[in-house]
Structures are given as structure tokens and as C-alpha cells.
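Heads up, the thing below is written out as C-alpha cells.
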Amino acid sequence: MQKLWWQDEGVRAWAWRAWRYYSWRPSYQFRLSVAEATAYVDMQNKVVVCNPQRPFPPAKYLSGVRHLPAGGERGFQLAYLESLIAHEAGHTQFTDTDSLPPGLLGQLVNIIEDERMERLMVQDFPKLAPLFTMANDADAAHWLARQGSGGDVIGGCLLWRFTWNHPVWTYTPDGPDAHLWPQVKEILEATWTAPHYDDVVLSARRILALTGRDHEEQRPELSDFCDGEALVLDGGGERGKARQDGAEGDGAGQQGKRGRAGGGHQEQEDGEDERGTQTDDGAIGGEGEHPRFGPGSGGQDAPQRPTPEQPPTAQSEALKVQTLGDARRLAAALRVPCDPDSVRPSRDRGRFRYDRYVGGSERPFDRRMGGGSPGETHLRLAVDISASMSSGGRMTQARRMAFTVVHAAQMAGVAVLAVAFDERVQSLVEPSAHPQNALNAVAAVDVRGDTCLSPALRALWTPELSGQSVTLIITDGQLSAGDYAACGALKAAHSGAVVPILLGSDAARPAYERAFGVCVHMDDPAQLTNHVIAFLRAWQARLRR
């Protein structure tokens, strides 16, 4: 079964480090799970659960989400996950309770406390300000798509929390209680800077009394945006009832953010990260042994977000279907065959020998014994994306060929380094890149500016990679005289094999071949693959001599 992006060990390890950084609570169990709408923290049982699969903001409102990170949906989900982790960590620092009141009061307390606590977290960690802004804008986008910008003042408390400093979005009261909004807003904003959690509860009671909703039940439309609505305690005597050893309980002790409560037993899913009390150096520690991180965290920075694997783009999926056969053939050619130490006749294993069979031999097979490989191979790829490549469908051919090469390298387990170039050099694929990220990057290449190949070759040949090097250059050859000279000098100093592919006219061929030697020159993408395979087989034959 294929792992989800958040089940990658690098992502899970980063999430645990981020939890420790923002909370310094190494004794908590930290889990990633899609069982929750967003997240919650159970402070009695020391469990925090975060859902990494936050939906991307609706397209209609996407432009209004500030500080949106690069990386599309995956980049957003990773940043939003960090905001969840920091948010739940903030509850352990500043929310002086392990439970919420019942009904609508609990939801309103959670809404107000979320904003108060996030502001306190930003005082300790100033770099959280844009991250919380992004998360709140994303939540506002989802709310606006479902509920619009109006409604009664209780929903307005939530929308105003998200949009109080947004340049465009705002809450516009249009319900029967719209006349109460100025008073409710004043109470709300004053409580955001209140020193104690008890002030939050008192303010929430005042708002509900003002609106006549003192004893209302939970509001379903708030469920995906304020956690904790099921965290009901029937009197102080119930405070001690918490889940023990994974048994189902009443959910006491959970505080959280923008998601439904997880009031009960949590079933661990495949890939969940449950680290318990182990610290980075293997020691066991508790909260009382370390000071809470303050501003700047003693000069430390938050753990850097990893690069998750992206979902396949439509263009990448289409190219994979078109080139799969060629990629498989090329992958087979990339696997360097082993030379056996010896060949022994066999009754049932190895290469069938017809001559031995017709001669009546009992051992008509040649079985290869032992042997080693001539060495590892790695690929380097430079793709021309200059404006001249738009002529005659050259960019389409180059993109297809580059995609085939990268996909084949992945199938063969061969390291690949790829760049695109016009007058600038654009990194496409690093050897450590996630496979789908690499394919997406290659599938997205398109024409840009002028042509200058020599800087791309310098960038391509500078990193040291193990094994034999094979470089493929795909261009239309329309280089300047100085660039051709620089490329020739670089080629002469390079020890690896070079496969120059020319998609241009015959007029560019003489200068191109003076710089790189005999080139593969044709327009048919299928023939390009055939010629590259022929070159690789001839090159491997030379290695085995």
C-alpha cells in the first residue's frame, strides 16, 4: 500500500521536532491522523493529534489568503500543519484549564481563547505571525465559501477572529441581532488581550446573555472551525474522568483549534507518529525539567519544513501515459549488466542453448555465476527552454524526451540531476528530490528567453555524484559564438560521456558538433529514444572491454 505524503518519515520527524520547539512538551504523545477535522490537545492524558490533510482554500477566495507558501496544495498543507502544531502548543502554554464548558458556551470560549492564545504565542515566537495569518485566512476562505460574510453575531465572532485585520474580507452582520454587534465586538476584542483564561469564560457568558443564547446547544456550522464542542463536564466531580490507557472516556482535557472534538478513543492509523517521551538525544524528559521557550528560543530557529511529495499534475499524468513504454525501454538500457565470473551448464536455469539442446545435452542452459557491475551510472540532463524552442514543436519534443529520461532513471534506480536553461539556469531535478516532484517539474517546463548553454553545463557538472556520468543535452543549437567556445572548453574538461541532442535545423549542426562531437539530430521523439538507447548500449559495451 502506497504511503501518504504525511506518512513519510521526514515529515513525521519534522512534526515532532516542531511540537517540541513550540511547546517543549517532550512527554506528550504526538500523532498525525486524519481522524480529526483539524487538531486537538488532551492535556490530562498528554496527547496531541493533528490532521495534516487540510483542504486547499476554495479557488474563489485563494487570492485573499495572505502569506500563502510555495508548493501548491502540499506546501499549503505543510504550512497549515505547522500552524496547528504551534496552536496546540500554545494551548499547553497559555490555556489555564483542561476542559471547556458545555454547549454553545464552550464553542464561543474556544473561539475567543484561540485568538487570545495565538497572540500570546506570537509574542514568544514573532515568526508565527505570518503563519497564523495564513491559517486564519484559509479558514476564513472556507467559512465564506460555506456561510458567506453575514449571519448572526455568534458566527460573526468566529469570522471576525479570522478577518479583523484582513484588507478585503470582513464580517457584515445581517441577522436579527445585527444591532448587538458593536457591543459584542467591543467585548470580543477586549478579551483577546485579557490576561487570564477566566476572563474569556466571563466574556463568552456576557455575549451569550446579551444575545439571549445562554443555554443553546452547540452550533453544527461551527464544528469544523472550533474544536472542543463535545468537551462537556457535568460538574467539577467529572474533571478527573479522563481516558486511561486508551479507554473510551468523556473527552475531558481536550483543547484545540478549528475542528471537531475527538471525544473518545483514538485508533492509531498506519503511519501515525507516536513518539511519547523520547527526546532527540534519546533521554527521557518531562515539562518540569526544561524552561519554556521564550522569544527567539535561545537563538534557535524553528525546524525547517521538509519538502513533501507533490500530487501528480495533469500534465505529468498525461506525459507518463504517453512515454511509459519508452521509459521502460530506456530504464532497461540504464541498468548496467553484470559480467559473470563464470558460466556453467545447467539443467534448468540460465540462457537456453539450442545448439546444446539439439545435440542431446542434459544441460542445455548456461547459468551465469558471480560477477560484478562495471560501476554505478548517474544521469545529468540540460533542457533548452529558450524562445526559439517554440518553433516546430521543439519544446514539446524536448519536454517529452526529458520526462522520459527522468522517469526511466527513477525506474532503474539511477541518480539524475536536471536543469533547464535560457539565459538563466533553472534547477529541475536534484538527486534527492521526491520522484513525483521531479516529474512534475519536468512536465511544467516551457519556453522563456534567450539561449546560453555554458552556465547550465557549469551548474550541471559541478556537483560530484558517484559512478559513471552520462550527460544529455537537448537544445536547438542556436548559441552565440562565445557560448559555443565556452561549451567546447567545458566539454573537453569533462570526463563523463555526453549525448548531444539537436532539435534545430541543419544550419546549426556544424557549430554544435564542433563543440560537442557527433550529435543525435532529428525531430521524431520516438527516434530520439531509440538513438539514446543505442548510445547507452554502445557506451556500456566500451565500459566492459
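Only heavy atoms go into these numbers, but all of them, side chains included; no hydrogens, no water, no symmetry mates.
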>> Show, in sequence, the C-alpha distance, side-chain angles and deciding distance for Leu379 and Leu472, and conclude whether the side-chain contact (heavy atoms from CB on, under 4.5 Å) test is met.
In response: CA-CA 8 Å; Leu379 289 180; Leu472 282 80; 4.1 Å; yes
>> Assess the residue pair Gln426 and Val419 against the criterion (side-chain contact (heavy atoms from CB on, under 4.5 Å)); give the C-alpha distance rounded to whole Å, side-chain angles, the decisive distance to 0.1 Å, and a yes or no.
In response: CA-CA 6 Å; Gln426 172 190 343; Val419 299; over 6 Å; no
> Do Ser454 and Asp483 have side-chain atoms, one donor and one acceptor, less than 3.5 Å apart?
Replying inline: yes
> Nearest 0.5 Å, what's the CZ-CG distance between Arg305 and Leu78?
Replying inline: 6.5 Å
> Do any N or O atoms from the side chain of Asn437 and from the backbone of Gln310 form a donor-acceptor pair under 3.5 angstrom?
Replying inline: yes
> Looking only at heavy atoms, which two atoms of Ala398 and Val383 are closest? And how far apart?
Replying inline: CB-CG1, 4.1 Å
> Which atom names give the shortest non-hydrogen contact between Cys50 and Ile85, and what distance separates them?
Replying inline: SG-CG1, 4.1 Å
>> Do Thr529 and Met401 make a side-chain contact, defined as non-hydrogen atoms from C-beta onward lying under 4.5 Å apart?
In response: yes
> Which of parallel (below 30°), tilted (30 to 60°) and perpendicular (above 60°) describes Tyr354 and Tyr357?
Replying inline: tilted
> Taking side chain as C-beta onward, heavy atoms only, is Ile473 less than 4.5 Å from Leu457?
Replying inline: yes
>> For the residue pair Arg394 / Gln397, report whether a side-chain donor-acceptor contact shorter than 3.5 Å exists.
In response: no
> Have Gln53 and Trp5 got a donor and an acceptor in their side chains that come within less than 3.5 Å?
Replying inline: yes
> Of all heavy-atom pairs between Met395 and Ile385, which one has the smallest distance, and what is that distance?
Replying inline: CE-CG2, 3.9 Å
>> List the residues meeting side-chain contact (heavy atoms from CB on, under 4.5 Å) with Ala412, not counting sequence neighbours, and say none if there are none.
In response: Ala331, Leu334, Arg335, Val414
> Going by distance alone, is a donor N or O of one side chain under 3.5 Å from an acceptor N or O of the other, for Thr38 and Asn51?
Replying inline: no
>> Determine whether a donor-acceptor pair (N or O, by modelled atom type, separation under 3.5 Å) exists between the side chain of His378 and the backbone of Leu417.
In response: no
> Under 3.5 Å, is there a donor-acceptor pair between the side chain of Gln77 and the main chain of Arg54?
Replying inline: yes
> Do the side chains of Thr471 and Trp461 get nearer than 4.5 Å, heavy atoms only?
Replying inline: yes
> Will you find, in the side chains of Ser386 and Asp422, an N or O donor that is under 3.5 Å from an N or O acceptor?
Replying inline: no
> Does a side-chain heavy-atom distance below 4.5 Å link Val406 with Val442?
Replying inline: yes
> Is the closest side-chain donor-acceptor distance between Glu36 and Ser33 under 3.5 Å?
Replying inline: no
> Which value, rounded to the nearest 0.5 Å, describes the distance between Arg514 atom CZ and Cys487 atom SG?
Replying inline: 13.0 Å
>> Here's one to test your reading of the geometry: is the NZ or CZ of Arg20 within 45 degrees of the ring axis of Trp24 and under 6.0 Å from its centre?
In response: yes
> What are the two closest non-hydrogen atoms of Gly477 and Tyr512, and how far apart are they?
Replying inline: CA-CD1, 4.4 Å
> Roughly how far, to the nearest 0.5 Å, is the CG atom of Asp137 from the CG atom of Leu62?
Replying inline: 11.0 Å
> What side chain to side chain donor-acceptor pair (under 3.5 Å) pairs are there with at least one residue in residues 403-412, not counting sequence neighbours?
Replying inline: none
> Quick one: are Trp19 and Arg25 in side-chain contact, heavy atoms under 4.5 Å?
Replying inline: yes
> Looking only at heavy atoms, which two atoms of Pro431 and Ala415 are closest? And how far apart?
Replying inline: CB-CB, 4.5 Å
>> Atom CZ of residue position Arg344 - does it have more than 12 heavy atoms of other residues, nucleotides or ligands inside 6.0 Å?
In response: no
>> Using a 3.5 Å distance criterion without hydrogens, assess whether the side chain of Asp384 forms a donor-acceptor pair with backbone atoms of Thr451.
In response: no
> Are Val532 and Leu330 close enough that some pair of their side-chain heavy atoms sits under 4.5 Å apart?
Replying inline: yes
> Are the side chains of Val429 and Leu381 in touch, meaning some heavy atoms are under 4.5 Å apart?
Replying inline: no
>> When you measure from the side chain of Arg356 to the backbone of Arg363, do you find a donor-acceptor pair of N or O atoms at a distance under 3.5 Å?
In response: yes
> Leu81 and Pro52: which non-hydrogen atoms are nearest, and at how many Å?
Replying inline: CD2-CB, 4.1 Å
>> Can you see whether His87 engages Glu118 through a side-chain donor-acceptor pair at a distance of less than 3.5 angstrom?
In response: yes
>> Please report the interatomic distance CD1(Ile501) to CZ(Phe535), rounded to the nearest 0.5 Å.
In response: 10.0 Å
> When rounded to the nearest 0.5 angstrom, what is the spacing between CE in Met121 and CZ in Phe132?
Replying inline: 5.5 Å
> Will you find, in the side chains of Gln436 and Ser316, an N or O donor that is under 3.5 Å from an N or O acceptor?
Replying inline: yes
>> Is it the case that the side chains of Arg31 and Gln29 hold a donor-acceptor pair, with the cut-off being a distance below 3.5 Å and no angle test?
In response: yes
>> Looking at Gln7 and Leu4, would you say the former's side chain and the latter's main chain have a donor-acceptor pair under 3.5 Å?
In response: yes
>> Within the 3.5 Å criterion, strictly below it, is a donor on Ser469 or Arg380 matched to an acceptor on the partner's side chain?
In response: yes
> When the ring planes of Tyr22 and Phe125 are compared, do they come out parallel, tilted or perpendicular, using 30° and 60° as the limits?
Replying inline: perpendicular
>> Is it the case that the side chain of Glu513 and the backbone of Val518 share a donor-acceptor pair, with hydrogens and angles ignored and the cut-off at 3.5 Å?
In response: no
>> Under the criterion side-chain contact (heavy atoms from CB on, under 4.5 Å), I'd like the reasoning laid out for Val47 against Val49: C-alpha separation, chi angles, the key distance, then a yes or no.
In response: CA-CA 7 Å; Val47 174; Val49 178; 3.9 Å; yes
> Step by step, would you call Ser27 with Lys46 a side-chain contact (heavy atoms from CB on, under 4.5 Å)?
Replying inline: CA-CA 7 Å; Ser27 62; Lys46 296 185 178 180; 3.8 Å; yes
> How about Trp143 and Phe162: are their ring centres within less than 6.0 Å of each other?
Replying inline: no
> With a 4.0 Å cut-off, would you call Glu309 and Arg74 a salt bridge?
Replying inline: no
> Can you tell if the side chain of Leu503 reaches within under 4.5 Å of the side chain of His521, non-hydrogen atoms only?
Replying inline: no
> Could you state the interatomic distance from CG (Leu479) to CG (Asp450), rounded to the nearest 0.5 Å?
Replying inline: 11.5 Å
> Within a reach of under 6.0 Å around CZ of Arg66, are more than 12 heavy atoms found that belong to other residues, nucleotides or ligands?
Replying inline: yes
> Taking His142 for the side chain and Pro55 for the main chain, is one N or O donor matched with an acceptor at less than 3.5 Å?
Replying inline: yes
